[in-house]
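Presented below is the structure to which this report refers.
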Amino acid sequence: QVQLVESGGGLVQAGGSLRLSCVASGSTFSINDMGWYRQAPGKQRELVATIASGGSTNYADSVKGRFSISRDNGKNTVYLQMNSLKPEDTAVYYCNAIIWRILELRYREVWGQGTLVTVSS
C-alpha cells in the first residue's frame, strides 16, 4: 500500500507564497508521474501542475509563471512552490502520483488527502 501525504497549506495574504509538499510512503514501489490538482468549493477538480519522472513539467494557464513544481526522487517527494498567490487560488490542493507496484506488476494512481490553501485579499 502506498500513501501520499500533503503538507504546507494554510492561510496567506494575496501576493504571498506557500510551498506544498507531498511525500509518498510505502514499500515495493516506484513513482512515475506526479502532479498537483486543486478543487475549490462548488467547482470541479482541476489540474495545477504535473512533473514527469524525467523532470518535464506542465502547468495550467492560470498558474503558469507563478507556480513551480519540482520533485526529489530520493525522498519520494513532490513540491509545489506557489508565488504571487491570488484569492482565486484558494482551494484544497491534492497530490497525485502514478506508481509502479513492484509486487503487483501494475501501475496504480494514488491521491493524497488534500491540504487547504486560503488566500485572503
Side-chain angles (χ1 to χ4, degrees):
Q1 191 87 285
V2 177
Q3 296 179 333
L4 304 179
V5 179
E6 302 101 329
S7 62
L11 175 64
V12 64
Q13 292 187 352
S17 298
L18 284 175
R19 176 176 289 176
L20 306 183
S21 299
C22 172
V23 180
S25 62
S27 62
T28 62
F29 75 95
S30 62
I31 303 175
N32 193 357
D33 296 341
M34 303 188 77
W36 289 94
Y37 294 72
R38 68 185 182 186
Q39 186 168 25
K43 299 185 66 177
Q44 294 182 333
R45 185 175 298 186
E46 64 177 352
L47 172 70
V48 176
T50 61
I51 182 167
S53 59
S56 61
T57 58
N58 185 49
Y59 298 92
D61 290 340
S62 59
V63 306
K64 194 171 185 178
R66 300 187 296 119
F67 291 10
S68 180
I69 188 171
S70 61
R71 64 191 293 169
D72 186 333
N73 291 332
K75 297 181 178 180
N76 290 330
T77 301
V78 62
Y79 305 94
L80 184 67
Q81 178 66 47
M82 304 183 294
N83 299 323
S84 302
L85 283 163
K86 304 175 181 179
E88 50 263 45
D89 294 319
T90 296
V92 176
Y93 284 71
Y94 296 92
C95 178
N96 170 268
I98 305 298
I99 65 170
W100 172 255
R101 296 288 289 135
I102 296 174
L103 296 181
E104 298 179 18
L105 297 177
R106 64 182 293 177
Y107 287 98
R108 287 188 179 272
E109 185 177 42
V110 183
W111 291 89
Q113 82 288 348
T115 184
L116 177 63
V117 173
T118 303
V119 184
S120 62
S121 59

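The figures that follow rest on heavy atoms only: side chains count, while hydrogens, waters and symmetry mates do not. Residues: numbered from 1 along the sequence shown. Everything numeric in this text was worked out from a predicted model, so none of it was measured.
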Row check, Tyr94 ring normal vs Arg45 NZ/CZ: under 6.0 Å, within 45°: yes
With sequence neighbours left out, what residues match Arg71 under salt bridge (Lys or Arg N to Asp or Glu O under 4.0 Å)? none
Would you say Asp72 and Thr77 are linked by a side-chain donor-acceptor pair, where the criterion is simply a distance under 3.5 Å? no
List the atom of Ser27, the atom of Arg101, and the distance in Å for their closest heavy-atom pair. O-NH1, 2.7 Å
Closest contact, heavy atoms only, Gln39 versus Lys43: NE2-O, 3.2 Å
Would you say the side chain of Tyr59 lies within less than 4.5 Å of the side chain of Ile69, judging by non-hydrogen atoms? yes
Rounded to the nearest 0.5 Å, the CG atom of Leu11 sits from the CG atom of Leu116 at a distance of 9.0 Å
Side-chain H-bond candidate by donor/acceptor type, Gln113 with Glu6, under 3.5 Å: yes
Less than 4.5 Å apart, any side-chain heavy atom of Met34 and any of Thr50? no
So which heavy atom on Ser17 is nearest to which on Asn83, and how close? OG-OD1, 2.9 Å
What I'd like to find out is whether the side chain of Asn76 reaches to under 4.5 Å of the side chain of Ile31, using heavy atoms alone. yes
Rounded to the nearest 0.5 Å, how far apart are CZ of Arg66 and OG of Ser84? 7.0 Å
Kindly state each residue pair satisfying disulfide (SG to SG under 2.5 Å) with at least one member in residues 4-112, sequence neighbours excluded. Cys22-Cys95
Do you know which two heavy atoms are closest between Ala49 and Leu80, and how far apart they sit? CB-CD1, 4.3 Å
Report yes if the distance between the aromatic ring centroids of Trp36 and Phe67 is under 6.0 Å, otherwise no. no
Taking the side chain as everything from C-beta on, heavy atoms only, tell me whether Leu18 gets closer than 4.5 Å to Leu85. yes
How long is the straight-line distance from OH of Tyr107 back to CG of Asp33, given to the nearest 0.5 Å? 9.0 Å
Closest non-hydrogen contact found for Leu20 with Thr115 is CD2-CG2, 4.1 Å
Where is the tightest heavy-atom contact between Arg38 and Asp89, given as atom of each residue plus distance? NH1-OD1, 3.0 Å
